[in-house]
Enquirer: 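If you scroll down you'll find the structure; I have some questions about it.
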Amino acid sequence: MSVSHRSLRLGGMNVAVFPDAEAASLAAVDSLIEILDTARIRRRRAVLGLATGSTPQPVYAHLVHRHRAGVLSFANVSTYNLDEYYPISPLDPRSYRSYMHRHLFSQVDIAPHRAHVLDGTVPEAFAAAHAAEFDRWIEADGGLDFQLLGIGRNGHIGFNEPSDLTVAEALRLPTRLVELHPVTRADAAREFGGENHVIPRALTMGLAPILAARSIVMLAIGAHKAEPVARALTAPMTALLPATLLQSVADKVTWILDEPAAGRLA
Ligand code: PGA
């Protein structure tokens, strides 16, 4: 990470605090590019876990820019996205398939059949089988080299929402169909034209496959993330705040924050 930043260590995890959102985004871009470079040198495919939402948009914009400049290829990359609303058509502009198409897949040289997003059109009777197949495909692809994460205001990662499970139970959660938490629905209200219009369920990668990634970058930007960030880094592990569970794999997790998102850290 080239730009000057503050380094902290909290919950056993590396935390890098950058002066502003742009510097933090660029640090996440650098960590992704390092994964792609390492895979290229080793002549193997890079397997990336990707996230949606407003936080990673500048990251994708930078990746697209570098691809256009001829310095970055996705020809030997496969991707697995964290989540998708359910049910939803991939043609729906609010679907995460459509988001990924707009922000990345249509703009780079990734093979269409290697850009995986959970399928919001699978019949409900087959949703569990589809989710299990998603986890099997990640494993068959060699496992995730890298997982990009964001944090919800309620501490969710992917759509693994707060729950009263034990830590051991939460850590075993596979990819599955879930109900969205009220805070998540409130945060999606603008996109859907009101909280009551938010699709209330989603398919999400489980905590187990997320935490199995060989490296994990949590990117959090903005003062509205300061509280969940501080709690996730300093509270004991609990399924009530899923991001605390990153502490269970602390040595492979890096938090990349801008100063406002780090505002509640001592
Ligand atoms: P955001 O979403 O990037 O849109 O804030 C993050 C999340 O809910 O995981």
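Everything numeric here is computed off the predicted structure, so don't read it as measured data. When a ligand or atom number is given, it counts from 1 through the structure's own listing order.
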Enquirer: N/O of His224 under 3.5 Å from N/O of ligand 1, yes or no?
Expert: no
Enquirer: Given Leu36 and Phe74, is the side chain to side chain contact (heavy atoms under 4.5 Å, CB included) satisfied, shown in steps?
Expert: CA-CA 8 Å; Leu36 298 193; Phe74 289 76; 4.3 Å; yes
Enquirer: For ligand 1, is any non-hydrogen atom under 4.0 Å from Lys225's backbone (N, CA, C, O), its side chain (CB onward), both, or neither?
Expert: side chain
Enquirer: Yes or no on side chain to side chain contact (heavy atoms under 4.5 Å, CB included) for Gln107 and Arg68, after CA distance, side-chain angles and deciding distance?
Expert: CA-CA 8 Å; Gln107 318 266 346; Arg68 289 200 179 132; 2.4 Å; yes
Enquirer: Donor-acceptor pair, distance only, cut-off 3.5 Å: does the side chain of Arg185 make one with the backbone of Leu180?
Expert: yes
Enquirer: What atoms of ligand 1 come closer than 4.0 angstrom to any heavy atom of Thr55?
Expert: 1 (P), 3 (O), 5 (O)
Enquirer: What protein heavy atom is closest to atom 6 (C) of ligand 1, reported as residue, atom name and distance in Å?
Expert: Ile151 O, 3.6 Å
Enquirer: For ligand 1, indicate whether the residue Thr184 contacts it via side chain, backbone, both or neither (heavy-atom separation under 4.0 Å).
Expert: neither
Enquirer: Please state whether the rings of His103 and Tyr99 are parallel, tilted or perpendicular, taking 30° and 60° as the class boundaries.
Expert: tilted
Enquirer: Which ligand 1 atoms, with their elements, are less than 4.0 angstrom from a heavy-atom of Gly150?
Expert: 9 (O)
Enquirer: Identify which of Ser54, Gly152, Gly158 has a heavy atom lying nearest to atom 4 (O) of ligand 1.
Expert: Ser54
Enquirer: Using distance alone, determine whether His156 and ligand 1 share an N or O pair under 3.5 Å.
Expert: yes
Enquirer: May I ask you to decide if the ring planes of Tyr85 and Phe159 are parallel, tilted or perpendicular, using 30° and 60° as cut-offs?
Expert: tilted
